[in-house]
Amino acid sequence: MAEGFRLRVCHRKSGRLRFLSHLEVVRACERAARRAALPYAVSRGFTPRMRMSFGPALPVGTAGEREYYDLTLTRYLPAAEVCASLTAVTAEDLAPLQCGYVTAREPSLAAALTIAMYELSLEGGIPPEELQGSLHGLMGDGTISVEHKGKQKVYDLAEALPKEPEVTSAGDRTLVRLAVKMGEHGSLRPEVLIRSALGRDIRAVVTRTDLLIDDEGVWRRPL
Amino acid sequence: MSDLWERVQPLLARVERPSRYIDREWGAVHRPDAAYRVALMYPDTYEVGMANQALQVLADRLAGLDDVACERVFVPWTDMSAAMRAAGVPLYTLESCLPVAGCQMLGITIPHELTYTNILEALDLAGIPLRAEERSEGDPLVIGGGPSAHNPEPLAPFFDAILIGDGEEAVLEMVAAHRAARERSATRAETLRDLAGIEGVYVPSLYVAGPDGALVASAGTPERITRRVLRDLDAVSSPVCPVVPYADVVHDRATIEVLRGCSRGCRFCQAGMVYRPVRERQADAIVRDAIATLFCTGYEEISLTSLSTADHSQLEEVLRRLFRRFEDADVAISVPSLRVDSFTLSLARLLGGGKRSGLTFAPEAGSQRLRDAINKNVTEDELLETVAAAFGAGWRRLKLYFMVGLPTETDEDVVAIGGLVSRVLAVAREATPPAERGGLRVAVSASTFVPKAHTPFQWEGQLPAGEVRRRQSLLRDAMPRRGVELSWHDAETSFLEAVLARGDRSLADAIEAAWRAGAVFDAWSERFELSRWTAAFESTGIDAGARAHDPFAEDETLPWSHIDSGLARSFLLAERHRAYEGIITEDCTFGDCTGCGVCPALSADVVVAGGGRRG
Ligand code: SF4
């Protein structure tokens, strides 16, 4: 039964707090909701839990400009009011940016969000043309094989990269913008892609700039 | 001064759990422009240190001062310390990300012996000379305090001053004295003399060994340092907005101290001796601060802590009020380590609502004879009744603590632990509905007796490690197999604890040698290596075996004789002899004063929230 009011919160994970793990972000958001004294719904069961669910996890070290979670409230409160009370009790680098209600029938964030937009800022003065060329070559190969926890995982690049990555330079740093398709079995990590393209280790600040819903080819934000 | 963040940040991509090193938690207080900075350090990782309540209390006290910044410091794990050394990044405080060496005061908790090398590691990473005598005017004052400060000698050369006892008032006085000394441009030596004038403050450099080896106070300093005691806990409010960590720390919950001290009088227990007298907080204050803490932090659990929470004379009232307040909320209220005899059926029912955490009891010994000898005033019948009540009220997990190697222990006493655990298991099964009996578990933890300063057993030696291991295997054989998870402290670590706990100032060289050989995080079993320590003892001429095992003579000057914890020597001696005779001594919060000497010596008194005695 659909009960309560499903509030969707868009927040950032930036600055020093990009070093938090997904679990740490989850706990921090739960505690902020308690500090804000929101009328949040609690699951029934042996150990009651706040009804909060998150979009795809961000790894430790990766920043996010627009991350999402859904929180069920037992009482309707204007979304802007909730946003203001959350902002007052949340660290600036995890601050909520936008809140809005979604219908109970809407699929979960984890299922709905299938496109992740990234921006990588690379150190080391890599010439953009070189990287663009290597990426092009790699995509021509069709697949990349990645080692994850001792297992080889193969990604079909035509599937994983719905758009050709864009490479530009900004001062002594090289910027890469790309879109990654997220599947049920995880998604390609952008720094892994760049590493394979260049064939060497890189130092990069990675930011997930947006999370989108793919509506039959049309990409839109979940809020 | 510009902060170190730009140099710290690149290191974080390559270390485990970077959230330990980044600050910016909810509740962290930033005062970048303060004229006086205090770094408060817990000598272990962030996860362990953030659980320390004393640090939160002191930080809260310091936050009340004008123009003072109080910042946290923990010991970076080995991956981070290696990265910092390679990059030339010194140890920094979390809040301002400024070098610890630039603070005016560095306060270090001394929680237990296995953190001693961590203290040296931190000083070295900070670039502060290890020994007080090598420090110059610009270095921070390095101040120690906490449980293991009650025998300060093994660490004495590394500290400028050490506080003995409660810190709530003394920390403010020390900061004030230091600020005043700076105002008038006093030298470091003059400043330390001022600090020595504060009750409870020990300045090791003012005490040097006389011809017979005993420490002699220099002119104008008290012969003995009297422990500091906070007479009324309610005079200082509990910190209601402590820092809320992101990382999953050891006790990831809000805490509120409901009472300090325990006068049950277990004869091996240092905490039960050196935190006397018992001082309870009033129920109203506890409930008020608990609610405020939950709101300010957003924690999902609050723990009512103390050495012996179930002894609080108003605990049931407090729990009833808190449960009523948080009915239907996803907030848990918990009570750590319960006592068998004060855990009543009504408590079992009350706490049944919050039974996420298992039950913990510490019978310590398997036989009544040995329990009488150590003054653990609990009978087997009481334990079994309590277990039946708890399992009847819905608990399914139980942890029992025992100790091996206690004075007067025989093989029969060790074997008796197995029998006791079997009977506990049987009673627990009986009280559990048949369908749930499968998952029933009793965790049994056996530690090794370590003789501690200021206890009736301070004169005792520790059993040799070989004998400890023999008794541990006796214990394993006597333990029922099904439904029991047995764990014990490794005999080698306990040996090191005994050497350090009973040590004098000559141990400092060995601690430094062990650290130089790579000893750090000794409390982490994957890091501990006894060989580093044996080599260190050898190279510094310490007969470690004798230090751990040889009893002290009753008329000997003990390494901690100059520390006056308030306990009368005659009381400790009498208690030792009563142990041999198997005579128990009652708890003075329930009956009459038993003459330990603390109240008259420290002009303090037992504080029972409801007035009068408990009972
Ligand atoms: S002096 Fe007496 S009342 Fe005070 S703690 Fe000691 S035994 Fe208890």
Side-chain angles (χ1 to χ4, degrees), chain A residues 13-52 59-63 71-72 74 85-95 121-124 191 201-206, chain B residues 3 5-6 8-28 30 46-47 80 94-95 97 240-241 243-249 252-254 291-302 326-332 352-357 394 396:
Chain A
K13 178 198 178 199
S14 61
R16 296 189 189 193
L17 297 191
R18 75 172 194 275
F19 289 107
L20 299 188
S21 70
H22 180 62
L23 216 73
E24 290 171 340
V25 171
V26 169
R27 210 164 26 217
C29 292
E30 284 178 3
R31 286 176 181 166
R34 273 197 208 90
R35 287 194 290 267
L38 297 181
Y40 55 82
V42 170
S43 70
R44 291 170 217 292
F46 187 65
T47 49
R49 301 267 323 180
M50 183 181 298
R51 283 178 53 194
M52 190 181 253
V60 174
T62 303
L71 172 66
T72 307
T74 56
S85 27
L86 278 175
T87 306
V89 293
T90 304
E92 219 181 290
D93 283 336
L94 281 183
S121 162
L122 309 176
E123 269 177 37
E191 57 272 45
D201 207 6
I202 48 155
R203 286 172 88 103
V205 175
V206 186
Chain B
D3 75 45
W5 179 249
E6 285 310 317
V8 169
Q9 178 172 258
L11 312 180
L12 297 179
R14 284 163 170 76
V15 299
E16 263 177 52
R17 309 181 186 220
S19 66
R20 291 164 164 171
Y21 309 112
I22 62 173
D23 179 65
R24 299 296 190 268
E25 302 95 331
W26 185 252
H30 301 95
Y46 177 94
E47 290 87 333
M80 182 63 171
L94 286 179
E95 279 78 358
C97 205
V240 293
C241 294
V243 177
V244 183
Y246 293 112
D248 192 2
V249 303
D252 197 13
R253 54 187 176 223
I291 294 172
T293 308
L294 283 168
F295 277 106
C296 195
T297 59
Y299 272 118
E300 50 287 334
E301 179 175 350
I302 189 155
F326 292 103
E327 216 175 357
D328 297 328
D330 58 337
V331 168
K355 55 188 165 252
R356 286 182 194 185
S357 47
R396 293 297 169 260

Picking from A/Leu94, A/Leu20, A/Val205, which has the most non-hydrogen pairs under 4.5 angstrom with chain B?
A/Leu20

Validation row: A/Arg31, B/Trp26 side chains within 4.5 angstrom (heavy atoms)
no

Where does A/Thr90 contact chain B at under 4.5 Å (heavy atoms): side chain, backbone, both or neither?
backbone

Part of B/Ala247 lying under 4.5 Å from any heavy atom of chain A:
both

Sort out for me which of A/Val60, A/Val42, A/Asp93, A/Val89 touches chain B most, counting heavy-atom pairs under 4.5 Å.
A/Val89

Report which part of B/Gln9 has an atom under 4.5 Å of a heavy atom belonging to chain A: side chain, backbone, both, or neither.
both

Check whether any side-chain heavy atom of A/Arg27 lies under 4.5 Å from a side-chain heavy atom of B/Tyr246, and answer yes or no.
no

Within the structure provided, determine whether B/Arg17 and A/Glu24 are in side-chain contact (heavy-atom separation under 4.5 Å).
no

Side chain, backbone, both or neither: which part of B/Arg14 has a heavy atom under 4.5 Å from chain A?
side chain

Could you state the interatomic distance from CD1 (B/Ile22) to CZ (A/Phe19), rounded to the nearest 0.5 Å?
7.5 Å

What distance do A/Glu92 atom CD and B/Arg24 atom CZ have between them, rounded to the nearest 0.5 Å?
9.0 Å

Decide whether a cation-pi geometry holds between A/Arg16 and B/Trp5; the criteria are a distance under 6.0 Å from NZ or CZ to the six-membered ring centre and an angle within 45° of the ring axis.
yes

In short, B/Val244 meets A/Arg35 closest at the heavy-atom pair CG2-NH1, 4.4 Å

